[in-house]
Amino acid sequence: MAQGDQAQLPEGPIVPNKTKDEIRAEPFNMPAGFEWSTLDVMDAAQREELYVLLANNYVEDDDALFRFDYSKEFLEWALTPPGYTNDLLLGVRASKSKKLVAFISAVPANVRVQSTSKLDVVEINFLCVHKKLRSKRLAPVLIKEITRRVNQTGVFQAVYTAGVVLPVPVASARYYHRSLNPKKLVNVGFSRISPRMTMARMIKLYKVATVPKHNFVEMTEEHIDGVHKLLSNYLESKFKLHVNFTKEEVAHWLLPRTAVINTYVLVDENDKSKVTDMVSFYHLPSTILNSKETLYAAYSYYNIATSMDLTDLMRDALILANATGIDVFNALNLMENETFLTELKFGKGDGNLQYYVYNWSSPTMKPGDVGLVLL
Ligand code: MYA
C-alpha cells in the first residue's frame, strides 16, 4: 500500500514489520561507476569530505541566494548521538576517483506519535546528491538502501523533514525570522526595506538589549538531570509528536558546543538541582551564493518557561543569541512558538517545512502539536 493511502488506516504501521529473513541481505546495486561507502565522521578527513559535499550541493532557498553551510563540528554533533552507527552514515563514491558524491544519514531516536507513546525510529537527514549527478534517480536508491539497513536493525519507522511535499506529511510548519543585523540582511538580499521604513528605523526597531533580564547560566553536566526532567515533562504534557530523550541524549543534544549548540538554564534558588527554565538554539550558517560570504543564523531548539512568560524567556533568548554574533534568529511555528512571534518582531518566511513519519499512519497535526525539532 502506498503511503498516500494512510489517511484511511488506523494509527500504526502501514506495512507490517518484516522478519530478518524477509529483509534483503545484500546492498542494493549502484549504477555502474559508483559504490557504497559508510562514513566515519569522527575521522577528520572523512568529516571534511562530507562537509565539502554538503557545502557545495545541499539545500538552497528557492531563489538560489543562500545554501546551508553546516559546519564540520555541527556534522559531528548531528551524526553521533548515543547509539549511532557508521553503517547508517551512508555515502556513495565514484568508483574510480573515490570522490564522495552522495549521502544520507539515519540516527536512532525514540518518539511519541499521537497515541503511540514509545516508538523506535531513526531520524533521516542530509540526503544529498552532487549537482552533476541530479535527476539520475540516485536518491531513490539511497533511500531504499538506508531503509534496508535500518530494517536490519529491527526498526521500521523514521521521522524526517523536507521543504518539498512528498506522500504524506503529518504536519506542516513555517519558518519565521527575527532580524538582528538588519543592515547585513538587507545588503545580502535576505530582507527588504518595506515602504515607509528606513534603514535607520529598521536598525532601531530590531535592536535588542545587551544583557538578559534573567540570570541564565550556560548548561553544564550538573544540569543534565534537571534539564532531562523539565524537557521530558514538558514535551510529554504538551505535544503529540516528540522525542523521548534519555539522559544520555539530553547530554548529547543540549550540552553547549561552540558555534554549534547553546543551552542556558535557570535553576531554582532553593533547590539548585531543579532547572525551572531553559533556552536553546543551534547555529546553522548559510553561504551567500553571490558573494561567498556567510550569513550567520541561529535556530530555536527547545525553550521552556515555568518561572516566567515564554515571551519574556524568548526575549532573553534573542539577547543571548545576538551576543554570539548571529545575523538572524529563526524559529518554526511549532510547539508554543506562535505565542511570541508577533510580539518579538519575527517576520514570516516563504517556505513550509513538512514533517513526515515513514511507514506510520497517523492523523495530521497542527504545528502547535509538534514538539520535535530536526536539524
Ligand atoms: S531533506 C533534504 C533533501 N536534500 C536537498 O534538498 C539537497 C539538495 N538536493 C539534492 O541533493 C537532490 O535534489 C535530492 C534528490 C537528493 C534531494 N526527500 O535522484 P533523483 C524524490 C525524499 O532523480 P535528485 C532530507 O534530507 C523525488 O520526489 N525524496 O532526484 C530528508 C523523486 O521521487 P519520485 C525526495 O534531484 C530526506 C526522486 O527523489 C526528496 O537527483 C528524507 C528523484 O530522484 C526529498 N527531499 O535527488 C528521505 N527530493 O519519482 C526519505 C526529491 O518518486 C526517507 N525526492 O517522485 C524515508 C525513510 C527512510 C528510512 C526508513 C527506515 C525505516
Side-chain angles (χ1 to χ4, degrees), residues 2-4 6 12-18 22-24 27-28 30-31 34 50-64 66-70 74-75 78-79 83-85 87-92 100-111 113 119-170 172-173 175 284 286-287 289 351-362 372-375:
Q3 285 242 315
Q6 66 184 326
I14 296 167
V15 176
N17 296 359
K18 299 185 176 108
E22 291 168 324
I23 303 164
R24 183 185 160 114
F28 285 95
M30 276 271 96
F34 299 99
L50 178 60
Y51 170 76
V52 170
L53 173 72
L54 296 177
N56 292 305
N57 301 281
Y58 200 50
V59 176
E60 297 176 8
D61 68 306
D62 288 343
D63 303 325
F66 309 99
R67 183 162 60 233
F68 283 144
D69 184 18
Y70 287 88
F74 191 111
L75 293 173
L79 296 175
Y84 87 96
T85 133
D87 195 46
L88 301 180
L89 307 183
L90 181 60
V92 173
L100 185 69
V101 294
F103 185 74
I104 191 167
S105 65
V107 296
N110 185 279
V111 295
V113 193
L119 182 66
D120 281 328
V121 297
V122 289
E123 295 176 354
I124 298 283
N125 207 346
F126 302 113
L127 168 62
C128 182
V129 169
H130 193 286
K131 286 190 173 203
K132 292 206 170 127
L133 297 172
R134 295 276 167 88
S135 306
K136 295 182 189 302
R137 305 210 58 84
L138 260 181
V141 189
L142 277 160
I143 292 168
K144 269 194 336 199
E145 178 60 12
I146 199 90
T147 304
R148 187 189 71 81
R149 288 174 185 233
V150 171
N151 285 169
Q152 278 191 327
T153 71
V155 172
F156 299 90
Q157 274 72 40
V159 292
Y160 57 98
T161 53
V164 293
V165 180
L166 307 158
V168 168
V170 291
S172 176
Y175 268 112
L284 169 49
S286 284
T287 304
L289 293 174
N352 284 318
L353 187 71
Q354 315 292 342
Y355 274 73
Y356 300 93
V357 184
Y358 175 85
N359 191 26
W360 195 258
S361 164
S362 156
L372 170 68
V373 181
L374 297 175
L375 306 173

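Both ligands and their constituent atoms are indexed starting at 1 by order of listing.
One N or O on the side chain of Asn359 and one on the backbone of Val15 form a donor-acceptor pair closer than 3.5 Å. In terms of modelled atom types and a separation under 3.5 Å, the side chain of Arg24 and the main chain of Pro27 share a donor-acceptor contact. Of the possible polar contacts, none joining the Asn17 side chain to the Phe156 backbone as a donor-acceptor pair under 3.5 Å is found. With hydrogens and angles disregarded, no donor-acceptor distance shorter than 3.5 Å links the side chain of Tyr358 to the backbone of Thr147. No donor-acceptor distance shorter than 3.5 angstrom exists from the side chain of Asp120 to the backbone of Val155, with no hydrogens or angles considered.
For ligand 1, the atoms sitting less than 4.0 Å from at least one non-hydrogen atom of Phe156 are 63 (C), numbered in the order shown with element in parentheses. Distances below 4.0 Å separate heavy atoms of Thr147 from the following atoms of ligand 1: 59 (C), 60 (C), 61 (C). The ligand atoms of ligand 1 that sit less than 4.0 angstrom from a heavy atom of Val150 are 62 (C), 63 (C). Listed by number with element, the atoms of ligand 1 under 4.0 angstrom from any heavy atom of Cys128 are 11 (O). Less than 4.0 angstrom separates some heavy atom of Asn125 from each of these atoms of ligand 1: 26 (O). Short contacts between ligand 1 and Asn57, defined as distances under 4.0 Å to a heavy atom of the residue, involve ligand atoms 8 (C).
No part of Glu60 comes within 4.0 Å of ligand 1, judged by heavy-atom distances. Contact annotation for Tyr160 and ligand 1: only side-chain heavy atoms (C-beta onward) come within less than 4.0 Å of the ligand. With a 4.0 Å cut-off on non-hydrogen atoms, Leu127 touches ligand 1 through its backbone as well as its side chain. When heavy-atom distances to ligand 1 are checked against a 4.0 Å cut-off, Tyr356 has no atom that comes that close, whether in backbone or side chain.
For the side chain to side chain contact (heavy atoms under 4.5 Å, CB included) with Trp360, the lone residue among Ile14, Val170, Leu119, Val121 that qualifies is Leu119.
The closest side-chain heavy-atom distance from Leu50 to Tyr70 is not below 4.5 Å.
Ranking the protein heavy atoms by distance from atom 23 (O) of ligand 1 puts Arg137 N, 2.8 Å first. Protein heavy atom at the shortest distance from atom 41 (O) of ligand 1 is Ser135 N, 2.8 Å. Scanning all protein heavy atoms for the shortest distance to atom 31 (C) of ligand 1 gives Thr161 O, 3.6 Å. Counting only heavy atoms of the protein, atom 48 (C) of ligand 1 lies nearest to Ile143 CD1, 3.9 Å. Of the protein's non-hydrogen atoms, Pro140 CG, 3.9 Å is the one closest to atom 38 (C) of ligand 1. Counting only heavy atoms of the protein, atom 2 (C) of ligand 1 lies nearest to Tyr58 OH, 3.5 Å. In terms of protein heavy-atom proximity, atom 11 (O) of ligand 1 is nearest to Val129 N, 2.9 Å. Counting protein heavy atoms only, atom 28 (O) of ligand 1 is closest to Leu166 CD2, 3.9 Å.
Below 30°, between 30° and 60°, or above 60°: for Tyr160 and Tyr356 the angle between ring planes is below 30°, a parallel geometry.
Counted within 6.0 Å of NZ on Lys132, heavy atoms from surrounding residues, nucleotides or ligands total 12 or fewer; the atom is thus considered open.
Checking atom 16 (C) of ligand 1 against the protein gives a heavy-atom contact under 4.0 Å. Contact annotation for atom 56 (O) of ligand 1: protein absent (non-hydrogen atoms, distance under 4.0 Å). Inside a 4.0 Å radius of atom 21 (C) of ligand 1 there is not any protein heavy atom. Distance check on atom 52 (C) of ligand 1: every protein heavy atom falls at or beyond the 4.0 Å cut-off.
At under 3.5 Å, a nitrogen or oxygen of Ala139, whether backbone or side chain, sits near a nitrogen or oxygen of ligand 1. Close N/O approach between Leu138 and ligand 1 is found [any backbone or side-chain N/O within under 3.5 Å].
In this structure, the separation between CD on Glu60 and CG on Leu289 is 5.5 Å, given to the nearest 0.5 Å.
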ask   = Are Leu54 and Leu75 close enough, and set up right, to give a side-chain contact (heavy atoms from CB on, under 4.5 Å), and what steps lead you there?
value = CA-CA 10 Å; Leu54 296 177; Leu75 293 173; 3.7 Å; yes
key: Arg149/Glu145 under side-chain contact (heavy atoms from CB on, under 4.5 Å): CA gap, chis, key distance, verdict   = CA-CA 6 Å; Arg149 288 174 185 233; Glu145 178 60 12; 2.8 Å; yes
task = Just do the side-chain contact (heavy atoms from CB on, under 4.5 Å) check on Phe126 and Leu79 with the steps written out, would you?
result = CA-CA 10 Å; Phe126 302 113; Leu79 296 175; 3.9 Å; yes
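The side chain to side chain donor-acceptor pair (under 3.5 Å) check on Asp69 picks up Tyr51, with sequence neighbours excluded. With sequence neighbours left out, Asn56 forms a side-chain contact (heavy atoms from CB on, under 4.5 Å) with Val52, Arg67.
Between His130, Lys144, Arg134, it is Arg134 that holds the heavy atom closest to atom 12 (C) of ligand 1.
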